[in-house]
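Step one of this worksheet: look at the structure below.
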Protein chains: 2
Amino acid sequence: MARAAETRRRTRSQEEKESRILASALDVFARNGFAGTTLDEIAAGAGMSKPNLIYYFASKEEIYRAVLGRTLETWLEPLIALDPAGEPLAEIRAYIHRKLEMSRDRPQESRLFAGEILAGAPLIRDALEGDLKALVDQKVAVIRQWIASGRLAPHDPYHLIFALWATTQHYADFDTQVRAVLGGETDEATRYAGAERFMEEVILRGLRPDQ
Amino acid sequence: MARAAETRRRTRSQEEKESRILASALDVFARNGFAGTTLDEIAAGAGMSKPNLIYYFASKEEIYRAVLGRTLETWLEPLIALDPAGEPLAEIRAYIHRKLEMSRDRPQESRLFAGEILAGAPLIRDALEGDLKALVDQKVAVIRQWIASGRLAPHDPYHLIFALWATTQHYADFDTQVRAVLGGETDEATRYAGAERFMEEVILRGLRPDQ
DNA sequence: AGTGACCTTGACCAATTGGTCAAAAACTAG
DNA sequence: CTAGTTTTTGACCAATTGGTCAAGGTCACT
């Protein structure tokens with residue numbers, strides 16, 4: 001029991017350190033990209049020294065890989081939650097909502113991911129061609145079913161998914177530009193409410209089957 | 001005349017060198033970002049030595065600035081071309097077409113721009129808040145006119161523009177992901193044709209006024 | 001051929017940075 | 001308290017890289 005407690009306690013401490021490192025790393029990587037990030041900056045953000053960082057993660061790339069892996073999981077969740085048994089338009093509406101929520105609440109993850117893809121996805125190409133593609137293919141099949149049953153207008157599901165990804169993530173990844181264009185007046189809540197409204201009124205309307 | 005000829009000739013040579021440098025720089029910056037780019041790599045791409053690069057541009061940042069400035073101009077053109085006198089849906093359709101064309105034919109510029117914004121637009125924030133905002137505001141007014149005249153469904157023009165930017169640029173900026181998801185089968189022409197078709201059928205349909 | 005302006009580059013420098021290492025500090029078990 | 005284990009870090013190192021500089025090359029014109 002003492003042993004178990006000890007082990008648990010040590011693990012706890014380790015986990016807490018690692019998570020502090022990953023949080024700091026996410027912040028810095030998202031802002032400066034992989035190349036623009038220094039170990040010292042991550043270390044400072046995590047409140048420890050550079051060698052101590054390396055004690056927990058073997059290299060800068062390993063830290064990056066860990067942050068990215070975590071992000072990828074989070075990133076897939078909203079699409080996973082798309083329910084084949086649900087009502088098509090309501091499901092897509094809910095998906096838009098979840099994605100916008102994610103852009104609003106976790107913009108760093110979105111930007112980290114965007115940076116990795118922009119750079120040609122050197123570290124997650126396999127995941128994209130494997131897990132991601134498999135997931136998308138599966139959901140594309142669901143959407144095709146919806147179309148076949150006449151509950152959704154017939155459009156290419158791949159491009160539908162791309163359009164939803166692009167538009168929702170735009171508000172996180174291009175936040176700087178969105179704010180510049182809207183001017184100082186518009187606050188975050190208004191921005192996201194406007195985005196959601198637009199997507200519901202235009203894209204969802206475009207997806208409604210003729211009747 | 002001799003003087004003019006000489007001057008012209010020298011200028012030509014300079015321009016040719018500078019444009020070789022900028023072309024190489026665009027390539028490298030778009031792939032690796034500002035921090036990830038080395039002068040040696042740009043120099044190699046331009047077929048000259050690093051000191052020679054510095055002979056034409058004072059610093060790495062100045063090269064970046066030059067490439068970015070050029071890109072920004074190109075980037076604004078399609079929106080500038082949106083004609084207030086045209087038929088609304090046809091104008092927006094043409095805009096989508098031009099933007100997709102740009103993503104397809106100049107993906108590097110799109111990625112360079114995306115990288116700059118992602119990093120918080122350290123060098124073009126002023127341009128975004130100035131020229132870009134002014135241009136967008138102007139076109140937003142046009143779109144509002146179209147809506148007021150009943151030729152376009154009433155939706156927030158800002159979010160419309162964001163959605164069009166996001167979706168069209170997605171195919172350049174997230175090219176790696178798009179290809180991974182679609183699998184090797186789909187070639188470029190098919191991808192862009194599919195994107196255009198989707199946007200016309202869904203977004204344009206969503207913009208059509210009730211009648 | 002000579003001259004002066006422009007162009008090009010090898011060699012070099014200083015700063016940054018990813019990562020190492022040995023030693024010290026902190027913690028645990030007996 | 002002691003011995004052993006884990007954690008932490010100051011000092012350091014080698015590689016990279018932005019930028020300099022002096023020397024030599026090229027070119028147009030006389």
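First the proteins, then the strands, lettered A, B, ... as listed; each starts at 1. These values consider heavy atoms only, across backbone and side chains, with no hydrogens, waters or symmetry-generated copies.
Counting to the nearest Å, the P atom of D:dG19 and the NZ atom of B:K60 are 8 Å from each other. Here the C1' atom of nucleotide D:dA15 and the CG atom of B:D40 are 13 Å apart, to the nearest Å. In this structure, the CD1 atom of A:I42 is 13 Å from the C1' atom of C:dG19, given to the nearest Å. Rounded to an integer number of Å, the gap from CG of B:L39 to C1' of C:dA15 is 15 Å. Rounded to whole Å, the distance from CG on A:N52 to C1' on C:dG18 is 16 Å. Atom CG in A:L53 sits about 13 Å away from atom P in C:dT20, given to the nearest Å. If you take CD1 of A:I54 and P of D:dG10, they are 15 Å apart, rounded to a whole angstrom. Atom NZ in A:K17 sits roughly 15 Å away from atom P in D:dT6 (whole-Å rounding).
Judged by distance alone, with hydrogens and angles left aside, the side-chain atoms of A:R111 form a donor-acceptor pair with the main-chain N or O of A:A172 at under 3.5 Å. Judged by distance alone, with hydrogens and angles left aside, the side-chain atoms of B:Q169 form no donor-acceptor pair with the main-chain N or O of B:S110 at under 3.5 Å.
Ring geometry for A:Y171 against B:F162 counts as perpendicular: the plane angle is over 60°, on a 0 to 90° scale with 30° as the lower cut.
Counted by atom type alone, B:D187 and B:T190 present one or more donor-acceptor pairs between their side chains at under 3.5 Å.
With A:H155 as reference, A:L207 is the one residue of A:I143, A:L207, A:I147 to meet the side chain to side chain contact (heavy atoms under 4.5 Å, CB included) rule.
If you check every strand for non-hydrogen atoms under 4.0 Å, A:Y56 touches sugar and phosphate atoms only. Among the atoms of the strands shown, base atoms are found under 4.0 Å from some heavy atom of A:K50. At a threshold of 4.0 angstrom between heavy atoms, the contacts of A:T38 are confined to the sugar-phosphate backbone, with no base atom among them.
Proximity note for A:P51 (side chain, C-beta onward) versus D:dT7, C:dT9, D:dA11: the nearest is D:dA11. The side chain of A:Q14 sits closest to D:dT7 out of D:dT7, C:dT9, D:dG19.
Place B:S49 and A:S59 on DNA chain C by their nearest nucleotides, and B:S49 ends up nearer the 5' end.
Taking 4.0 angstrom as the limit, A:Y55 places none of its side-chain polar atoms (N or O) nearer than this to OP1 or OP2 of D:dT8.
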